[in-house]
Every structure is written in structure tokens, then in C-alpha cells.
> 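Shown below is the structure under consideration.
Both backbone and side-chain heavy atoms feed into the values below; hydrogens, waters and symmetry mates do not.
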Amino acid sequence: MSLKNLLTERLSQAFAAVAGEPVDPVVRRSRHADFQAEGALALAHRLGRPPREIAAEVLDRAVLTDLCSAVQVSGPGFVNLTVAGGLLDAQLCGMAADARLGAAPAGRPETVLVDYSGPNVAKEMHVGHLRSTIIGDATVRLLDWLGHRVIRANHLGDWGTPFGMLIEHLRDLGESSAAHELSIGDLDSFYKGARVKFDADEAFRQRARQRVVALQGGDPETLRLWRLLVAESESYFLAVYDRLGVVLTRQDFVGESYYNELLGPVTDELDRLDLLTDSGDAACVFPAGFLGRDDEPLPLIVRKRDGGYGYPATDLAAIRYRLQDLGATRLLYVVGLPQRQHFEMVYAVARQAGWLRPPARAEHIGFGLVLGPDGRKLASRAGDSVKLVSLLDEAVGRAGALARQKNPDLDPATVAEVARAVGIGAVKYADLSNDRSRDYVFDWDRMLALNGNTAPYLQYAHARIQSIFRRAGGTPASGGPTGSAPAGDSISVTEPAERALALELLNFGAVIGIVEQNLEFHRLAGHLHAVAVAFNGFFEHCPVLRADREVRNSRLALCDLTARVLRQGLYLLGIAAPNRM
RNA sequence: GCGCCCGUAGCUCAGCGGAUAGAGCAGCUGCCUUCUAAGCAGUUGGCCGCAGGUUCGAAUCCUGCCGGGCGCACCA
């Protein structure tokens, strides 16, 4: 049990005795002690007694001698709690012996579907896909680690009218040269080539339209060409994901086209349920509570006037499939904030149709924009969106230059490895360390800085620990992302810097539990940063290798535990922790 | 017009009901014969957009303004 819970439990009993009813002691971390209990303040009004008097009586009745080395009433009525060293030691040892580092596995594992990344076939991946891919990846890693059954859903844009134009362009170029252009990742010029012809050439436009009809009609040759486009794009996306270090695989690609045959049946079902309204020849659902301009009810257009289906229909088919066929009880849509209303409407319809029922729920994991230094949406000098691969190349390039400059002793292979870990890690961390719902400013110098709340700072703390173990003449017991339990040396913290580090480390499990619920990864990032800060303080003030044997072993164990927390935390964010840098 | 997100130090951001609002950068000061100074320690800097309200207590909750961004029927 966590320190906070232990303290809460004991204090609850004392508070209940004083108040004559259950009271939350409200235990929090404190600047004035290790923890503080604030419950007396809230109680004062109800009991009509001064809060300090209540706090004093609570302390009188509370059994805390085995948990705290000092307790004190302070300020207007806070109870300040200093955790006993022995308790810290025991907690640290327990944590060190736990492969999960004190993070509770899911109490009730469920099937979670995460919809993220979602690039468009035959189009370049750009910064617009960055956040969804990174946040989705972290979501998948965390929930999977906690023992949930996680289904990764990469909802590719692989269907729709643009494919008429793209397939015709493919035929014009010839399959082999088109495939070549696509396989080298030059999707931009392929798409633009098609676009230019479509805009300028009436004959091409005609062919494109007919091709759309053929595609929707299931013409075998058209489908073959379409599959070629999709397959080439998928290969390209996989290369980008590999570079990014994202766990998406080809099996996770379930594009919009997958739902084509479900569109009719879903529409029929909505009709049977009497949810469908004919509105100007379009088949619409009007979920309650959604109003558009001029206060008219806002429709979700299931079938367009021309008989075609748009993305609302696909999203409805997908949500039904995910709930009914895949059995997901938690649906996470990692999609930009602007689409908030659209998804709220989809969920509302799914609820009205009876598909989305508790305990199943759907959540929009929305996020803001990536801004350039000018405070506007990040764009290239030419004004168009920045290719994701060029962004990653630059990240690795900059990190490599920094690595060579800061640590000239590294051999080229290590530099390459460090450059990748640091460069890609910096980009991901810059994203995940900010509140999802806000826009954030993309700034190379800041995200690659060794100071502050950055990936390199955390990675550096980890590398310093590994350096200690190299010099100690042995490798730390832990190796993988989760690691195994260390040698079993007992930990004993005495110095203030050790205590500060211990208190941060012991917070890991609670933070994981919170992020499991709200998927606010900046809280995990903030925790890891606090751990790294505490470690660097410890590193400065508490020699490890020069200490006497007993202290040395204890500190080595503390170092290993710190490394494991950093490594596991970074792993959950999708970031590598190199052993040297 | 309606709805959503956001206004915290010069800059980039935490904090989202509790004690004197915290980091990093930028500025100023110290610390490398000692486990990676890619570090540490110190210091300067804030009517928490404005105004009401709720509360023993508000940056945090409610209401109304002001400012910025984004959505709101057949493109995804």
C-alpha cells in the first residue's frame, strides 16, 4: 500500500473518532513536511470548533508511531507528517522487489480500443499526424502494461472520391514507376501530380469520376490498383512508425474501406430504430442537444443526398463494430480537438441506438495544435505542412550533433544510437509533457536542452546511473523496460537527498493509476522529471561508489530503482533510455 | 448567434479547493585533482485576463464580461 494510503487509513480512524462520522483526512504531499493532512480545516465549520484544536485531538488519537517519526499541528490546522525512515526503507524494498514498481495492474481488465494516427493513403504523413500517433502510442503502451486487452486501430483514410483521381494517375505513370515513387516515400509529389491534372484537365477529371464509380462498383481491375496504392502507402507508413518507434503494425491497419459493407446495414438499423430522418433527401440522425447555426438541430448525415456515405456513416459503422463485434468497453479516439463535436454526436447516436451502453464508454482524447515559433500552426517556410520524416530527420541530426559535441568520447555507433533515442525522444516528450488539450510551441532548442522538463534531462539521469554501475564493476540487475528485481540489498535512506528521492520514487504507482484514468501523460512526464531532479540532487550530495559497503549497497539499490522507474516511465511514453550519452 | 478549448514570471509551461503560486529558459552569483558540469546550489522576477459570487479558505468551483483559437448539413 502506498504511503499516502497508509497514512490516510490511520488518520481516517482518528478523524472518525473525533468527528463521530467518516471523514476524509485529505492527505497530500507537503512543502512543510513529507505529507500533510488537511481534514481538520474542512471539519472546523461543521463541528464548530477551532481547526487547530481538532487537529490536535486527531493527533492525540491517531496511532502513527510506526509510520511517522514526527507529527505536528501547523498553520491554521494542518497536520504535518514526517514519514519514519524505516517505513521508507520498507516501502522502497517492496517496490524494488516488484516488477511493476508499485503500479497496480488493472483491477478489472477490459478491452480497450485506441483509434489513433489515421494517415491518408497516398498522402504524406505530416505534423498533423504527430500528436495523434505519439499520444495514441503512449496510451497503448500504458494500458497494455497495466494488463488491459488493447486493440490498436489505425483508421486509415483509404477510401473516397480522391481515389478515382489517384488510380488514374497511377495508370498514367505506369504501375512500376508509380510504385517506385510511392515506395521511396515521395507521396507528396504523387498526390500533387494527381491533383494538378485533376484541376487542369477536364478529360482526366472525367476518367477520375468514372474510376470512382468503378471502385465503388467493385470492378476487379480497379480494386487491384486501389490495393496497390494502399499496400505501398502502408509500407511507407510502417517505415515512418519504425523510425518513430511506435508499436503500430500492419495488422493494426483497419481503414475506412473496412466498413464499406457495414454502411448499408447500419443505416437500415438506424432506420428500424426510427432514428433516421429524411432531410432534403439526405438520411440524417438528429441527436438530442446538438444545435447548429440559428439554433436548428444539427444532423449527423448518414447517407448523402446523392446516395453516398460520408465519414459520419463510417464512424457509426466503426463504433458499432467495435462495441458489438470486438467487445470493446472503452473506446478512445485520439483525434484533434476540433473534431470534438463530431465525435460527441457519434457517441450520442450510438447511445440512442443502444450500441453504447454502460459499462462501455467512448472518450475523445483530444489535443491541440503544434505551433511554430511565430505562434501559428507549424508550417514549412513555403507555408505547407511539414513532412513528418523531415521533422524526425532533423531531430536525429540535431541530437547527433549535440552528442558529438557534449561527449566526444562516444564511438560513431553509439552516437547514432544516442542521436536516435534523444532526437526522437525529445520530439515525443515535448508533446507528451504538455497538457494535451492545449496547443504547444515546437522549439528545437528547448526540447533538446539538457536542462528543464525535457527528454534529454531524464535520459541523462538514467545514463548517469548506468555509468555508476559500469564503474561499480557490475551491471545493474535490471535490464529490460520493466527490469527484474535487483540483488536484494536492503535500502536504507538517511540523507535528505536520499529521502527526497525516495518520496518521489514511491509516487510512481499512484501517478500511473491517475494517468490510466485520464490519459494526461504530462502528469507522468512531470513525475519522471521530479524523479530526475531528485536523483540529480542525490547524485550531487550522496557519493555511491566511495561510500562504505553497507551505504554503498543501499545507494546502488536506490540507483537501480531510480533507473527502473525512469526506464519504465520513458518506455510508457515511447521513449528510449540509452545507457550512455 | 450557439458550442468547445485556452488566457499564470520577459519567454515556454506546471499547479486546478488549502499554508508565503512553482519549474525551465533568459539575467545575475557560486561549484569540475571527487560516480558523465549534458550537472548542482543560490538569486532576481507574478493585481494567476477583468468583475462579481460560493466557501473558514479560490489561480483552482459558479455567473457575467474582455481577449485569442477552433467547430457548427452532404469535404474527411
> Heavy atoms under 4.0 Å, any strand shown: does A:Ser74 hit a base, just sugar-phosphate, or nothing?
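A:Ser74: base contact, heavy atoms under 4.0 Å.
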
> With the criterion set at under 5.5 Å between ring centres and under 30 degrees between planes, would B:A19 be stacked on A:Phe78?
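Whether judged by distance or by angle, A:Phe78 passes, so it stacks on the base of B:A19.
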
> Using purine N1 to pyrimidine N3 plus N6-O4 or O6-N4 for Watson-Crick, or N1-O2 and O6-N3 for G-U wobble, both under 3.5 Å, which nucleotide pairs with B:C50?
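The answer is B:G64, by the H-bond criterion.
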
> Using the C1' atom as the reference point in each nucleotide, state the distance between B:G53 and B:U60 in Å, no decimals.
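Here B:G53 and B:U60 have their C1' atoms 15 Å from each other.
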
> Using a heavy-atom cut-off of 4.0 Å across all strands, would you classify A:Leu41 as base, sugar-phosphate, or nothing?
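Base contact - A:Leu41 has a heavy atom under 4.0 Å of at least one base atom.
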
> Do the rings of A:Tyr440 and A:Phe442 sit parallel, tilted or perpendicular, given the 30° and 60° boundaries?
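Aromatic pair A:Tyr440/A:Phe442 classed tilted.
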
> Which donor-acceptor pairs under 3.5 Å do side chains of residues 31-38 of chain A form with protein atoms, sequence neighbours excluded?
| unit_1 | atom_1 | unit_2 | atom_2 | d |
| --- | --- | --- | --- | --- |
| A:Asp34 | OD1 | A:Arg499 | NH2 | 3.2 |
| A:Asp34 | OD2 | A:Val83 | N | 2.9 |
| A:Asp34 | OD2 | A:Arg499 | NH2 | 2.2 |
| A:Gln36 | OE1 | A:Ser30 | OG | 2.8 |
| A:Gln36 | NE2 | A:Glu38 | OE2 | 3.0 |
| A:Glu38 | OE1 | A:Arg28 | NH1 | 3.3 |

> Listing time: all N or O pairs from protein to nucleotides 23-29 of chain B that are below 3.5 Å?
| unit_1 | atom_1 | unit_2 | atom_2 | d |
| --- | --- | --- | --- | --- |
| B:C25 | OP1 | A:Asn451 | ND2 | 2.9 |

> Heavy atoms only, 4.0 Å cut-off, all strands: where does A:Tyr457 land among base, sugar-phosphate and nothing?
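Since only primed, P, OP1 and OP2 atoms lie under 4.0 Å of A:Tyr457, the category is sugar-phosphate.
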
> Look at all strands and tell whether A:Ala42 reaches a base, only sugar-phosphate, or nothing, counting heavy atoms closer than 4.0 Å.
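Since a base atom lies under 4.0 Å of A:Ala42, the category is base.
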
> Base, sugar-phosphate, or nothing for A:Arg31, non-hydrogen atoms under 4.0 angstrom?
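The residue A:Arg31 makes sugar-phosphate contact but no base contact.
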
> Regarding A:Asp158, tell me which of base, sugar-phosphate or nothing describes its non-hydrogen contacts under 4.0 Å with the strands shown.
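If one applies the 4.0 Å heavy-atom cut-off, A:Asp158 turns out to touch nothing in the nucleic acid.
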
> Classify A:Ala44 by what it touches in the nucleic acid, base, sugar-phosphate, or nothing, heavy-atom distance under 4.0 Å.
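It contacts nothing in the nucleic acid.
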
> Checking all strands, does A:Ser30 fall into the base, sugar-phosphate, or nothing category for heavy-atom contacts under 4.0 angstrom?
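Answer is base: heavy atoms of A:Ser30 come under 4.0 Å of a base.
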
